[in-house]
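One structure is given here, and the rest of the page talks about it.
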There are 2 protein chains.
Amino acid sequence: MLGNVRGRKSSREKILDAAAELVAEIGAGRLTLDAVAERAGLSKGGLLYNFPSKDALLQAMIQRMIDQVSDAKESLRAQMAPGPNLEARLVATTLLNMCCGGKMQEVATGLMVASAENPRLLDPVRGVISATLEQVKANSDDLDAALLGWLAVEGLSNLEMHNLSPFSDQDRERIVQAINRLLTKGIAK
Amino acid sequence: MLGNVRGRKSSREKILDAAAELVAEIGAGRLTLDAVAERAGLSKGGLLYNFPSKDALLQAMIQRMIDQVSDAKESLRAQMAPGPNLEARLVATTLLNMCCGGKMQEVATGLMVASAENPRLLDPVRGVISATLEQVKANSDDLDAALLGWLAVEGLSNLEMHNLSPFSDQDRERIVQAINRLLTKGIAK
DNA sequence: GTCTATATCAAGATAGAC
DNA sequence: GTCTATCTTGATATAGAC
């Protein structure tokens, strides 16, 4: 896992990059080991040395995705403006940033593959979401607003993940501002 | 299509039922024509007479799903309490009802299959979502609240679709009430 | 309109050389 | 650690009988 501070990417990482790209390009249901091997620049044998089965590859994709979101969230934590519903604003900002940057596509498609081929691969994701709920609950001044803001971000992310979003850039900007307003000011009484 | 007011279900419908059940049970990526045929009580040849390809079957699944949601929404319209953001409340109530009843599982998995195997199958869904946005925009007293409420419902539905929801029954009830409050009272100033 | 039988092919996985 | 070659399975789709 470690030991790659300098030097080129390990095969493992090249493979994971290739798989993520492919899922985004050709769809989750069409991800094959042949295609991943070709994209990563090695043979199917070499691929299967690194990941002994397709399930193992998918599992690693999911885990890397979780780690990326988690890292992004934690590095954002220091920069967040103080105020109410901190945890919910942190989650919201992280997800909204990743959607924009195109990184979310990878997240999305990883989820798709997983739940299509083997729903149990989503177990780690379940864990993260449960933990997030606990954190949001423990760190919210207005729980209703925090949960709604979080869910709205989830909804927007999901639409964008599947290329189903009907929103223009202006719409989206308006929505993001509305979410922030909800998280800082709450629902009307 | 018509001509089945009385009498037992057409083969077409038995097949679509079987496919929907199977996707919910074994996952989208494992839906095979053999399994559908067996569940529907006919042979693979008989299945392929009704739907000449797997894509045709998936397309019909998506379309039926869209029609079911649309029908549910329209039959709810008459019963909706008057008030602000009518269209958004209508969409929200429809989706939240379907989630609960388990019907949403079918919706979800239909989407999964589609986007996993052939993203273009989601084109009709894109159309519905765009149309919904237009209706919500045209019929909202508080557009920010309407969009946020809609997105929160989407977020909750999506989590439940993938069995990722971390919410207890109490949590969920609280969230549903908060969404209704948001849609009727808006965001705090 | 539904059946059986079969063609065809793609994909995951294994074995052993280098 | 990576390669080539091969095995095996399972799935879509076709052809033609009933």
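Below, chains carry the letters A, B, ... as their sequence lines are ordered, and counting in each starts from 1.
With sequence neighbours excluded, no residue forms a side-chain hydrogen bond (donor to acceptor under 3.5 Å, both in side chains) with B/Asp169. Scanning for side-chain hydrogen bond (donor to acceptor under 3.5 Å, both in side chains) contacts around A/Arg181 gives B/Asp144, with sequence neighbours left out.
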Polar-atom pairs under 3.5 Å, protein N or O versus N or O of nucleotides 3-5 of chain D: list them with distances, or write none.
residue, atom, partner, partner atom, Å
D/dC3, OP2, A/Ser43, N, 2.6
D/dC3, OP2, A/Ser43, OG, 2.7
D/dC3, O5', A/Ser43, OG, 3.4

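Remark: A/Ser11 is in phosphate contact with D/dT2, judged by side-chain N or O atoms under 4.0 Å from OP1 or OP2. Residue A/Tyr49 places none of its side-chain N or O atoms closer than 4.0 Å to OP1 or OP2 of D/dT2.
For B/Ser53, the side-chain atoms get nearest to D/dA13 when compared with the rest of D/dA13, C/dT2, D/dT2. Minimum atom distance to the side chain of A/Leu33 is reached by C/dG12, of the listed D/dT2, D/dT12, C/dG12. Considering only the side chain of B/Asp34, D/dT12 comes nearest among D/dG1, D/dT12, C/dA13.
Between B/Phe51 and B/Leu33 there is no side-chain heavy-atom pair separated by less than 4.5 Å.
The backbone N or O of A/Ala146 lies less than 3.5 Å from no partner atom in the side chain of A/Asn85, so there is not a single donor-acceptor pair.
As judged by a 4.0 angstrom heavy-atom cut-off over every strand, A/Asn50 is placed among residues touching the sugar-phosphate backbone only.
Residue-to-nucleotide proximity on DNA chain C shows that, of A/Thr32 and A/Pro52, the 5′-proximal contact is made by A/Thr32.
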